[in-house]
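Take a look at the structure below.
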Amino acid sequence: MQGIAGLGAGVLSGCGGVPLRSGGKAHVVVVGGGFGGATAAKYLRLLDANIQVTLIEPKAKYITCPGSNWLFAGLANLDQLTVDYQDLQDRYGVKLLVDRISSLDAAQRQLRLAGGQSVTYDRLIMSPGIDFRWDAMAGYDQAAAEQFPHAWQAGPQTLLLARQLQAMPDGGVVLIAVPADPYRCPPGPYERASMMAYWLKQHKPRSKILILDAKRSFSKQALFEAGWTKHYGYGTTNSLIEWLSLADNPLLQLDKQNRVLTSEFGDRFRGDVLNIIPPQTAAQIALQHGLADATGWCSVRPLTGQSLFDEFIHVIGDAAHYAPIPKSAFAANSEAKACALAVTSLINQTAIAEAHWLNTCYSLIAPDHGISVAGVYKLDAANAIAPVKGAGGVSARTDAQVAATEADYTRAVYRSLIADTFG
């Protein structure tokens with residue numbers, strides 16, 4: 001996995017010397033135990049064992065979004081995608097509180113938990129993830145998602161969608177409604193279509209997956225389409241997968257009774273299984289406490305991850321605006337390391353090292369066919385995040401052996417990311 005951060009000329013924060021709220025030792029509270037929050041908690045302790053770290057997460061165990069698409073192909077189950085926080089507690093001394101935040105008093109730097117406990121912090125790292133814009137499509141809301149799952153938070157929704165796929169008659173249609181950027185990925189809609197197609201090819205080969213995309217193009221599109229052509233007849237009348245851009249003709253309404261999606265131009269799409277992925281925003285806790293801007297995402301100072309609205313709160317992961325870095329688990333892990341290094345420097349009043357961020361996204365098209373995209377990012381002269389020229393790129397379209405090797409890498413990178421975050 002990537003290093004903590006690149007070294008370089010640093011700067012000192014203007015808030016050095018602020019007295020600690022927790023007494024003799026600095027106390028950093030991390031909210032959210034996904035790939036961003038768990039990594040931040042672990043690396044804070046690795047960087048400075050004198051910092052007290054408390055991780056607040058409502059679930060005692062975490063089901064990973066990476067790998068969750070593999071369920072649709074029968075390549076994994078939820079138990080295999082479930083991790084816990086035992087190593088963070090036993091090996092690194094992170095204190096875990098299994099609870100939810102009920103309120104945040106930024107002036108007092110204090111959190112109130114649903115269980116009644118109050119927790120003060122010297123610095124707060126928020127990695128709360130995403131929420132959904134339930135008002136984006138008429139007829140589709142949180143209740144409707146129990147019938148037409150988004151499966152964008154791994155767990156019961158993933159199982160529900162998998163069971164609906166398995167129960168669908170041969171010759172049935174799966175509709176996957178994909179939102180405009182930005183959104184959390186993984187799980188990715190195009191890997192999801194691939195994994196579903198792999199299963200349908202074996203069990204219900206007369207079926208079809210129709211991807212209704214709010215975008216004109218998508219990441220790794222040429223690689224996906226080449227793989228779909230090879231494995232699933234893409235571009236032919238018998239293709240298991242069809243992709244349709246609705247960038248100028250957005251989906252506006254769901255008819256639940258008839259399982260029909262209707263677009264602005266009046267086009268009607270009927271499916272037996274509807275996987276509706278809503279547009280997304282930062283999690284409600286970020287919205288409720290004024291950490292998000294008009295875009296619905298949390299703007300930050302990239303070097304430190306500090307919120308533009310509160311210098312003692314840092315935001316990382318899917319909830320934060322780190323564009324052009326995508327909202328991936330690998331990126332959250334990278335952002336967390338840079339943030340942990342910056343927080344350690346701020347607490348110890350030392351220079352903050354230059355930050356570099358990495359993203360790698362691997363996808364399976366079939367069990368023996370993987371593809372990937374990678375990017376390296378740093379701050380440019382305007383102090384904005386920019387890709388490093390000549391670094392990163394996408395998989396080469398070559399032979400079957402290379403594709404199989406990439407599939408092996410897909411699984412290996414998942415295992416490595418789990419170990420680096422939770423182990």
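What you see is a predicted model; the values in this text were computed from it and never measured. Scope of the values below: all heavy atoms of this structure, side chains included, with no hydrogens, waters or symmetry mates.
- Closest heavy-atom contact between A353 and L303: O-CD1, 3.5 Å.
- Here the CG-CD distance, from L159 to Q164, works out to 11.5 Å after rounding to the nearest 0.5 Å.
- Shortest non-hydrogen contact noted between A282 and C298 is CB-SG, 4.1 Å.
- A salt bridge does not link D122 with K25: every distance from a Lys NZ or Arg NE/NH1/NH2 to an Asp or Glu carboxylate oxygen is 4.0 Å or more.
- The closest side-chain heavy-atom distance from V53 to Y43 is not below 4.5 Å.
- One finds the CZ atom of R411 at 6.5 Å from the CH2 atom of W70 (value rounded to the nearest 0.5 Å).
- The heavy-atom pair separating A320 from V300 by the smallest distance is CB-CG1, 4.4 Å.
- In this structure, N275 contributes its side chain and H150 its backbone to a donor-acceptor pair below 3.5 Å.
- Judged by distance alone, the side chain of Q280 and the main-chain N or O of P278 form a donor-acceptor pair under 3.5 Å.
- The shortest heavy-atom contact between L44 and V343 is CD2-CG1, 3.9 Å.
- Using a 4.5 Å heavy-atom threshold, the side chains of S207 and V174 count as separate.
- Here OH of Y85 is found 14.0 Å from NZ of K42. Values are rounded to the nearest 0.5 Å.
- Remark: side-chain polar atoms of Q147 are not paired, donor with acceptor, to backbone N or O of A144 under 3.5 angstrom.
- Annotation: the span from E242 atom CD to Y234 atom OH amounts to 8.0 Å, rounded to 0.5 Å.
- Remark: K204 does not engage D272 in a salt bridge, criterion side-chain N to carboxylate O under 4.0 Å.
- For the ring-ring contact (aromatic ring centres under 6.0 Å, His included) with W243, the qualifying choice from F224, W228, F218 is F218, the only one to do so.
- K327 places no side-chain N or O within 3.5 Å of a backbone atom of A319 that could act as its donor or acceptor partner.
- L308 places none of its side-chain heavy atoms less than 4.5 Å from the side chain of D293.
- Side chains of I365 and Y232 form a contact here, defined as non-hydrogen atoms less than 4.5 Å apart.
- Expressed to the nearest 0.5 Å, how far NE2 of H27 lies from CZ of R123 amounts to 14.0 Å.
- Cation-pi geometry between R109 and F312 is met: under 6.0 angstrom from the ring centre, within 45 degrees of the axis.
- Taking CG of L252 as the start and CG of D267 as the end, the distance is 10.5 Å to the nearest 0.5 Å.
- The backbone N or O of S245 sits nowhere less than 3.5 Å from a side-chain atom of D213 that would complete a donor-acceptor pair.
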Verdict with reasoning, L364 to L75, per side-chain contact (heavy atoms from CB on, under 4.5 Å): CA-CA 11 Å; L364 289 180; L75 303 179; 4.2 Å; yes
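- At least one side-chain heavy atom of K220 sits under 4.5 Å from a side-chain heavy atom of C361.
- Each of L96, T421, V94, V30 was checked for a side-chain contact (heavy atoms from CB on, under 4.5 Å) with L88, and the lone residue meeting it is V94.
- In terms of heavy atoms, S219 sits closest to V373 at OG-CG1, 4.2 Å.
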Verdict with supporting geometry, Y198 and H231, side-chain contact (heavy atoms from CB on, under 4.5 Å): CA-CA 8 Å; Y198 174 77; H231 298 286; over 6 Å; no
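- Aromatic rings of F422 and F35 (six-membered ring for Trp) have centroids within the 6.0 Å cut-off, being under it.
- Using modelled atom types, no side-chain atom of S395 and backbone atom of I371 make a donor-acceptor pair closer than 3.5 Å.
- Between the side chains of Y414 and T64, at least one donor-acceptor pair of N or O atoms lies under 3.5 Å.
- Put simply, the side chain of S416 never gets that close to the backbone of A412: no donor and acceptor are under 3.5 Å apart.
- With a 4.5 Å cut-off on side-chain heavy atoms, L71 and M195 do not count as touching.
- Of the possible polar contacts, one joining the D380 side chain to the A384 backbone as a donor-acceptor pair under 3.5 Å is found.
- Residues G36 and I316 share a closest heavy-atom pair of O-CD1, 3.5 Å.
- The backbone N or O of K378 sits nowhere less than 3.5 Å from a side-chain atom of E354 that would complete a donor-acceptor pair.
- Heavy atoms of other residues, nucleotides or ligands lying less than 6.0 angstrom from OH of Y409 number 12 at most.
- Looking at heavy atoms from C-beta onward, E191 lies out of side-chain contact with Y362 at the 4.5 angstrom threshold.
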side-chain contact (heavy atoms from CB on, under 4.5 Å) between I130 and W297, intermediate numbers included: CA-CA 9 Å; I130 61 160; W297 304 104; 4.2 Å; yes
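- Checking side-chain atoms of N333 against main-chain N and O of T39 turns up no donor-acceptor pair under 3.5 Å.
- Few gaps surround NZ on K230; more than 12 heavy atoms of other groups in view lie less than 6.0 Å from it.
- More than 12 heavy atoms of other shown residues, nucleotides or ligands fall within 6.0 angstrom of atom CZ in R270.
- Of the N and O atoms on the side chains of S328 and N359, at least one donor lies less than 3.5 Å from an acceptor on the other residue.
- Atom CZ of R301 sits in a crowded spot, with more than 12 heavy atoms from other residues, nucleotides or ligands closer than 6.0 Å.
- Here the side chains of W152 and S68 are not in contact, with every heavy-atom distance at 4.5 Å or above.
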H289/D310 under side-chain contact (heavy atoms from CB on, under 4.5 Å): CA gap, chis, key distance, verdict: CA-CA 11 Å; H289 294 96; D310 189 317; over 6 Å; no
